[in-house]
Amino acid sequence: MNKISTVRFLAIVVALFLGSSFLKAQTSLDTNRFWKVTSMSHIRTTGNISNVSFLDGRLYFSNAGVLFSAPSRDGVLGNADVDTALMAIDPDMTYVVRHPVSKHLYFTKLNKKGRSQLFEYFVDPKGRKKIVKVKIENYAAPIVHPTFNSDGTIMVFSSNNELGFGGYDLFWCKKTETGWSMPENLGRNINAESNEYSPVINGDYLYFSSNRHNIGTNDYDIFATRLVSLSNVSGDTVTAFPIGRSKIQRLPSPINSSLNDFGMAFDSRSNTCYFVTRPDPTANDMVFGMQGPMNCVLYKGRVERSEGEQSGIPGARIQVSWVENPHHVLFNCVTDHDGCYNLILPPD
């Protein structure tokens, strides 16, 4: 870790009391100093992309009801090689991922009632191709955009049902000997009275899209949260429980913008993540690729009442703004019961 010499952010403390206060902060910094973002404008779409996934060196995206794919070479998608290779398995599939252990394909498609259902594709020991509906205990609601942790024991997906808080929520279930356990809602920390879509697990983090901060405008942003609480982080993703209780963080620019930003897919070989931006309801979606590790600067500090008392202030809001425009708030957090806070900012 290196100390920060210059930081282009201004921290503004808004303490919820009358009197003076000051801020003590320690900073730690990762070694990533840049992100390289490339517009895949040569990938032409005819409307909206429902979501993206990445497997076997290709980015998959559903457009106009058809699942397309494009090969990734050094983080750049090839336009000339866009095809519909998986239509031979099922021409109606809308989304596809690969289970990290069994290597089976899990895909969704709509039934006759327009409800998204989950299926599993594999080749049995005798070489026969099999497609079976995925068994989830006592669950008949739609399943959208499934994703798995690295050992394949946990599946997270989006769904709308009576167990939700409004719109689509994120749910998780655990692999069992007979299928998957009864899904559980990831809770109000992650799910709001809005839509939560497009979950994807990468390392210790769950990324998802939500319009929680833009109710009425239908604009989506991409958020991230640890899959285990910070006090229990040790090794692999969600092998420690409970999940869904870590703080969520809206990802910074260039991933999020003033436009609709949603869907993430990771290519670990080229250290690239892909995401989708929708300029407006009348424009076609655009795919972007971002190269560089998803590391951030962690600010740790404490808000105190006065230099003499040294008592922490709970519930104080920390706001981060550009120095050039202090009224433009980029990030914020609230201190805990001891007046302490953790604030994650993008590199540089």
Task: Joint hydrophobic cluster, Met87 plus Ile131, side-chain heavy atoms closer than 4.5 Å - done: no

TODO: Could you give me the CA-CA distance, side-chain angles and deciding distance for Val96 and Leu55, then say whether side-chain contact (heavy atoms from CB on, under 4.5 Å) is met?
DONE: CA-CA 9 Å; Val96 62; Leu55 63 151; 4.0 Å; yes

Task: side-chain contact (heavy atoms from CB on, under 4.5 Å) assessment of Thr178 paired with Glu137 - done: CA-CA 9 Å; Thr178 58; Glu137 182 182 346; over 6 Å; no

- [ ] Using the rule that two of Ile, Leu, Val, Met, Phe, Trp, Tyr join whenever any of their side-chain heavy atoms come within less than 4.5 Å, decide whether Phe54 and Tyr95 are in one cluster.
- [x] no

Open item on the list: Determine whether a donor-acceptor pair (N or O, by modelled atom type, separation under 3.5 Å) exists between the side chain of Asp338 and the backbone of Gly312.
Closed with: no

Open item on the list: How close do Leu251 and Asn256 get, counting heavy atoms only, and between which atoms?
Closed with: O-ND2, 2.6 Å

TODO: To the nearest 0.5 angstrom, please state how far the CD1 atom of Ile49 sits from the CG atom of Asn284.
DONE: 9.0 Å

Open item on the list: Tell me whether the rings of Tyr139 and Phe157 are parallel (<30°), tilted (30 to 60°) or perpendicular (>60°).
Closed with: perpendicular

Task: Asn161 (side chain) donor-acceptor with Ala141 (main chain) under 3.5 angstrom - done: no

TODO: With the side chain counted from C-beta on, respond yes when Phe208 and Ile248 share a heavy-atom pair under 4.5 Å apart, and no when they do not.
DONE: yes

Task: Electrostatic pair Asp151-Lys175, nearest N-O below 4.0 angstrom - done: no

Open item on the list: With a 3.5 Å distance limit and no angle check, can you tell me whether Ser116 reaches the backbone of Ile143 through a side-chain donor-acceptor pair?
Closed with: yes

Open item on the list: I'd like to know whether CG of Asp124 has more than 12 heavy-atom contacts from other residues, nucleotides or ligands below 6.0 angstrom.
Closed with: yes

Open item on the list: Is it true that Tyr274 and Ser72 share a donor-acceptor pair across their side chains at a distance under 3.5 Å?
Closed with: yes

- [ ] Heavy atoms only: give me the nearest Asp169-Ala192 pair and the separation to one decimal.
- [x] OD1-O, 3.8 Å

Task: His104 side chain near Val134 side chain, heavy-atom distance below 4.5 Å - done: no

TODO: To the nearest 0.5 angstrom, please state how far the OG1 atom of Thr94 sits from the CG atom of Asn51.
DONE: 9.5 Å

TODO: Just do the side-chain contact (heavy atoms from CB on, under 4.5 Å) check on Cys173 and Phe171 with the steps written out, would you?
DONE: CA-CA 7 Å; Cys173 55; Phe171 294 80; over 6 Å; no

TODO: Starting at OG of Ser50, measure out to CG of Leu67 and round the result to the nearest 0.5 Å.
DONE: 8.0 Å

Task: Validation row: Ile154, Lys174 side chains within 4.5 angstrom (heavy atoms) - done: yes

Task: Rounded distance [0.5 Å steps], OG1 in Thr84 versus CG in Asn63 - done: 12.5 Å

Open item on the list: Under a 3.5 Å distance rule, please check whether Asp261 uses its side chain to pair with a backbone N or O of Asp221 as donor and acceptor.
Closed with: no

Task: Beyond-backbone contact of Asn271 with Gln291, side-chain heavy atoms, under 4.5 angstrom - done: no

Open item on the list: Quick check: closest heavy atoms across Ile43 and Gly78, and the distance to 0.1 Å?
Closed with: CD1-O, 4.0 Å

Task: Flag, side chain of Asn160 to backbone of Gly164, donor-acceptor distance under 3.5 Å - done: no

TODO: Could you label the plane-to-plane angle of the Phe148 and Tyr106 rings as parallel, tilted or perpendicular, counting under 30° as parallel and over 60° as perpendicular?
DONE: perpendicular

- [ ] Measure up the Phe119 and Phe107 rings against each other and bin them: parallel (under 30°), tilted (30 to 60°), perpendicular (over 60°).
- [x] parallel

Open item on the list: According to a hydrophobic-cluster definition based on side-chain heavy atoms being under 4.5 Å apart (Ile, Leu, Val, Met, Phe, Trp, Tyr only), do Val144 and Ile136 belong together?
Closed with: no

Task: Side-chain donor or acceptor of Ser159 paired with backbone N/O of Pro142 under 3.5 Å - done: yes

Open item on the list: If you compare all heavy atoms of Ala316 against all heavy atoms of Val303, which two are closest, and at what distance to 0.1 Å?
Closed with: CB-CG1, 4.2 Å

Task: Asp92 side chain to Lys109 backbone, donor-acceptor under 3.5 Å - done: no

Task: Charged N-O contact under 4.0 Å between Arg212 and Glu196 - done: yes

Task: Ser39/Phe288 under side-chain contact (heavy atoms from CB on, under 4.5 Å): CA gap, chis, key distance, verdict - done: CA-CA 5 Å; Ser39 171; Phe288 285 82; 3.4 Å; yes

Open item on the list: Applying a strict under-4.5 Å side-chain criterion to I, L, V, M, F, W and Y, I'd like to know whether Val82 and Leu86 cluster together.
Closed with: no

TODO: Determine the minimum heavy-atom distance between Gly187 and Phe165, stating which atoms define it.
DONE: C-CE1, 3.6 Å

Open item on the list: Side-chain heavy atoms nearer than 4.5 Å, only ILVMFWY residues, links allowed to pass through others: does that put Leu206 and Met155 together?
Closed with: no

- [ ] Taking Ser69 for its side chain and Leu59 for its backbone only, find out whether a donor-acceptor pair lies under 3.5 Å.
- [x] no

Task: Shortest non-hydrogen separation from Tyr207 to Met264 and the atoms involved - done: CD2-SD, 3.9 Å

Open item on the list: Using a 3.5 Å distance criterion without hydrogens, assess whether the side chain of Asp83 forms a donor-acceptor pair with backbone atoms of Ala85.
Closed with: yes

Task: Nearest-0.5 Å distance, CG of residue Leu118 to NZ of residue Lys135 - done: 13.5 Å

TODO: For the pair Ser158 (side chain) and Tyr168 (backbone), establish whether a donor and an acceptor sit closer than 3.5 Å, ignoring hydrogens and angles.
DONE: no

Task: Sub-4.5 Å side-chain heavy-atom contact between Tyr220 and Asn195 - done: yes

Task: Distance, nearest 0.5 Å, that separates OG1 of Thr108 from NE2 of His145 - done: 6.5 Å

- [ ] Indicate yes or no: at least one non-hydrogen side-chain atom of Thr277 is less than 4.5 angstrom from one of Phe275.
- [x] yes

Task: Pair Ser270, Asp74: side-chain N/O donor-acceptor within cut-off below 3.5 Å - done: no

